Amino acid sequence: MNYTEIDKKWNTRWQADALYKFDKTKIENKHYVLEMFSYPSGAKLHVGHWYNYGMADIYARYMRAQGKNVFHPMGFDAFGLPAENYAIKTGVHPADSTHKNISIMEQQLRDMGASFDWDYELATCNPDYYKWTQWMFIQLFKHGLAYRKNAPVNWCTSCNTVLANEQVIDGHCERCGSEVLKKNLTQWFFKTTAYAQELLDGLDKLDWPEKTKLMQKNWIGKSNGAELVFKLYNSDESFSVFTTRADTLFGCSYAVLAPEHPLVNKITTPQQRQAVEDYKLQASKTTEIERLSTAKEKTGVFTGAYAINPINGKKVQVWVGDYVLATYGTGAIMGVPSHDERDYIFAHKHNLDIVRVIKSADDSADELPYTEYGIMVNSGKFNGMTSEEGAINVAKELEKQGLGKLVTNYRLRDWLVSRQRYWGAPIPIVYCPHCGMVPVPEKDLPVLLPYDVEFTPDGASPLAKHPEFSNVTCPICGAPSKRECDTLDTFVCSSWYFLRYPDNKNEDMPFDKQLIDRMLPVDKYVGGPEHACTHLMYSRFFVKALRDMGYLDFDEPFKSLVHQGVILGPDGNRMSKSHGNVISPDTYVSQYGSDIFRSYIAFAFKYIEGGPWKDEGVKAIARWYDKVERVVIDAYSTRNQQGNSPMDKELKYYLANTIKCVGQDYQDFSYNTAVARMMELVNTMAKYQAQANYDGKLLFNTVLDFLRVLTPLAPHICEELWEQLGQEYSICNQRFPSYNDRDLVMDTVELAVQINSKIKCRINVDSNLSVKEIETECLKDAQVIQLLDGMNVKKVIVIPNRLINIIV
RNA sequence: GCCGAUGUGGCGAAAUGGCAGACGCAAGGGACUUAAAAUCCCUCGAGGGCAACCUCAUGUCGGUUCGAGUCCGACCAUCGGCACCA
């Protein structure tokens, strides 16, 4: 069989016949299968694409064969830095390179033979898409979920743009690896923190990998504690600190404000001003990396001011220190050196008091700092209380005096969405000298991204250098105004694309609510785990926000999620040009065809784990398909042969077992075992054919069912064989076969016989015997009697279909 | 440092607490062939024994159990995530 020719033959026909067309009239039976869409790079599809799209296609085809109305769209995440950086390097405009890449990649994806319905294609860089991305922004803005603020933000020195918290990995830019600085800038944020609790609670109900849910949970970082008010000594000013350990408040001997804390300037005494100013300057110049590398060193400067410990009225020094984060809690902490490691180091270095106020229950482990929970001491009327009780009671006591309250804090920050780059969706806001921030009226959307822009990155937004774009009149009062010239983070575009697919041609709305409420959530979402705290979190935020604004009626975008593993280079490193270890699927596909290639990657790896590439087995899979062809064609030629064989029962068993196991495996993305089961069946069919005078009709029917089972994995080959067997087009419309439970039961079954848990022999018993009967049968067995040799049988454990354990 | 995952033949990997290594690859032997390819058959965790068989083996050490790759505890190694989050 010429596999590459049949790829073409059938793929062309399937596309001409629109075989994978989603039936919009039967939404109640829909099954939405989605793979994370891809970035249109100029390169050819790589092994990773095949691993993601090819393998998920097996699932999609299986669900089709189960009678589901499968919705399986594909599109492109087309805005973003690579195209822009490519443009800076080569001068090719991002719009041109992107559109070209999309058409190349689309063709490659079509050639893959996956069951996408291309009618629903979308690309986020097209105005008819980003019009609605902008619309989303405006809705969020109107509901107070998009806002602008000046804050310390992450600045990538090489990309010349700000980054979201989620895009900073170990102090480096996730995209280019350059160092990230903290800068105070006015930027746009989405209020993801408004949904912190719901994002956390919703995780329980999701069929997602536990690991991923845990990552989101940790990222959200809920922590219960208290805010306590410290009044400044001889002043009307005060500040709050956040703590989870209000039980240690009696041990507080100082307080620290973050360098960016607004109160620092107000309270610093003239004598300390110079030192504090110097310290602040130095802190602002520190990169994330430097802060991390000096993590253990606790620097700081005394402000000269004193505050009052609210629980005991003690006067404590107020310091500035960069180990306190401006962006978490209140940007200020109480220093309790005796019971916090960092405070301990800080106090030691700066000669501050260390007062023990918690004791361990058993008087052991009394070294300071003691950071565990324990019993309160030196704490006035709270003495003797446990830390758990104390943390709540101290806060409640202070609450009575208006000096404290219990609060919950989250580590999650609001999502920074503006970028100082060109190739993204413009933020639809106008700044009017009279009216302030004005959203672009919806009828004027999209705010088109102009083509003729100077997009060399120099830290300023490229659009600001385009006067026709940036100069507008205020939509409200008509006064000359300026447009917002930043663009949106591409993650904004990808946070709602799954909502657009089902209604991708809608010109009046981003999507029709009636439709979307029936089409969503996505039933099976497939993509890499690297998006755990970015795309997957942002999308959940979008759905919840849209729900609260009344645009849809469900809570979660992705009901069930599967992460594919990563196929590494043969050297065990991630495939990359710089490692020189990139494997191209094309070499294999052009030699063996797409079915054999995807069968190989299905068989050779555990799907969710992946692993280093190796290709020793590709030939073996090709050989296996040759064998399949031989067996199938032979079976066809003997289909009318009358006869019977002692193997009839065995053949039926293997068919039933294959149908059962492979169906389950397809559903579980356990493709390697699915292939193994089908190999067993083919081996059995071949063995059966070698029998004299076998039942040709039985074999032929077995072959037909086998091809139905194999189709999701190898649709082209199966379609070709199906035709050769004179069956009606198309096998892709055939139902997945069912099996008879009776066939799964063999007449007799071999059981291992253990004596004191050691296997001694095996016996064959009738498979429908009860546990009791098996025991009797076994103890009657001559071999067993001999092995027992008159020993005293204490107990017999029978595990049906497995073994018998005789305890003597 | 904290959280999580993983660890099984020469290799990829299988195993609802129940015969460890399914299914393959590679390797070796054989059949067919003038020969090769293809195909088919056999062997294939380690060690011991003429043998029927025996002993040891799922990172290490313990534990629970009639029975542990699987459950529990401690440790080691690798990978991933978070990391001054008060």
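Naming convention: chains lettered A, B, ... in sequence-line order (proteins, then strands); numbering from 1 in each chain. All values derive from a computational prediction rather than experimental measurement.
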In whole Å, I'd like the distance from the NZ atom of A/K298 to the P atom of B/A86. 14 Å

Distance check: side-chain N/O of A/N801 vs OP1/OP2 of B/C19, anything under 4.0 Å? no

Output the rounded distance in Å from CZ (A/R413) to C1' (B/A83). 12 Å

Please report the distance, rounded to the nearest Å, between CG in A/L803 and P in B/U65. 19 Å

Should the pair A/K687-A/E650 be classified as a salt bridge under the 4.0 Å nitrogen-to-oxygen rule? yes

For a quick check of understanding: with a heavy-atom distance under 4.0 Å over all strands, which category does A/E750 fall into, base, sugar-phosphate or nothing? base

Looking at A/N672, does any N or O in its side chain come under 4.0 Å of the phosphate oxygens OP1/OP2 on B/G12? no

Does a side-chain N or O of A/Y323 approach OP1 or OP2 of B/A86 to a distance below 4.0 Å, or not? no

With a 4.0 Å cut-off on heavy atoms, is A/R677 in touch with a base, just the backbone sugar-phosphate, or nothing at all? base

Contact class for A/N683 (heavy atom, under 4.0 Å): base, sugar-phosphate, or nothing? sugar-phosphate

Within this structure, what is the CG-to-P distance between A/D668 and B/A14, rounded to whole angstrom? 13 Å

Hey, what's the ring geometry for A/Y51 with A/Y607, parallel, tilted or perpendicular (30° and 60° as the breaks)? tilted

Atom P, compared across B/A51 and B/U33: separation rounded to whole Å: 35 Å

Going by distance alone, is a donor N or O of one side chain under 3.5 Å from an acceptor N or O of the other, for A/D343 and A/Y323? yes

Whole angstroms only, please: what is the OH-P distance between A/Y51 and B/G12? 14 Å

Check whether any side-chain N or O of A/K758 sits under 4.0 Å from OP1 or OP2 of B/C66, and answer yes or no. no

Report which part of the nucleic acid A/W624 touches: base, sugar-phosphate, or nothing (heavy-atom distance under 4.0 Å, all strands). nothing

Using atom CG of A/L713 as one end and atom C1' of B/C23 as the other, report the distance to the nearest whole Å. 14 Å

So what does A/I797 hit on the nucleic acid, given a heavy-atom distance under 4.0 Å: a base, only sugar-phosphate, or nothing? base

What parts of residues 601-611 of chain A reach RNA chain B, counting only heavy atoms under 4.0 Å away? A/F603, A/A604, A/K606, A/G610

Report which part of the nucleic acid A/I759 touches: base, sugar-phosphate, or nothing (heavy-atom distance under 4.0 Å, all strands). sugar-phosphate

Carboxylate-amine/guanidinium proximity below 4.0 Å for A/R413 and A/E166: no

Taking the P atom in each of B/U16 and B/G21, what is the distance between them to the nearest angstrom? 14 Å

Report which part of the nucleic acid A/K619 touches: base, sugar-phosphate, or nothing (heavy-atom distance under 4.0 Å, all strands). nothing

Taking atom P in both B/A27 and B/C61, compute the distance separating them and give it to the nearest angstrom. 35 Å

Distance between C1' atoms of B/G63 and B/A68 (Å, rounded): 11 Å

Anti/syn call for B/G9, syn if |chi| within 90°: syn

A/E166 CD to B/G81 P, straight-line distance once rounded to whole Å: 15 Å

What's A/K627 touching, base or sugar-phosphate or nothing? Going by heavy atoms closer than 4.0 Å. sugar-phosphate

Under 4.0 angstrom between A/R411 side-chain N/O and B/A86 OP1 or OP2: no

Taking atom P in both B/C42 and B/G47, compute the distance separating them and give it to the nearest angstrom. 24 Å

In whole angstrom, give me the gap between the C1' atoms of B/G10 and B/C72. 34 Å

Respond yes when some side-chain nitrogen or oxygen of A/S223 is under 4.0 Å from OP1 or OP2 of B/A86, and no when none is. yes

Can you tell me the distance, in whole Å, between the CG atom of A/N218 and the P atom of B/G1? 18 Å

What integer number of Å spans the C1' atoms of B/A74 and B/C25? 38 Å

If I pick the C1' atom on B/G17 and the same atom on B/C71, what distance separates them, to the nearest angstrom? 8 Å

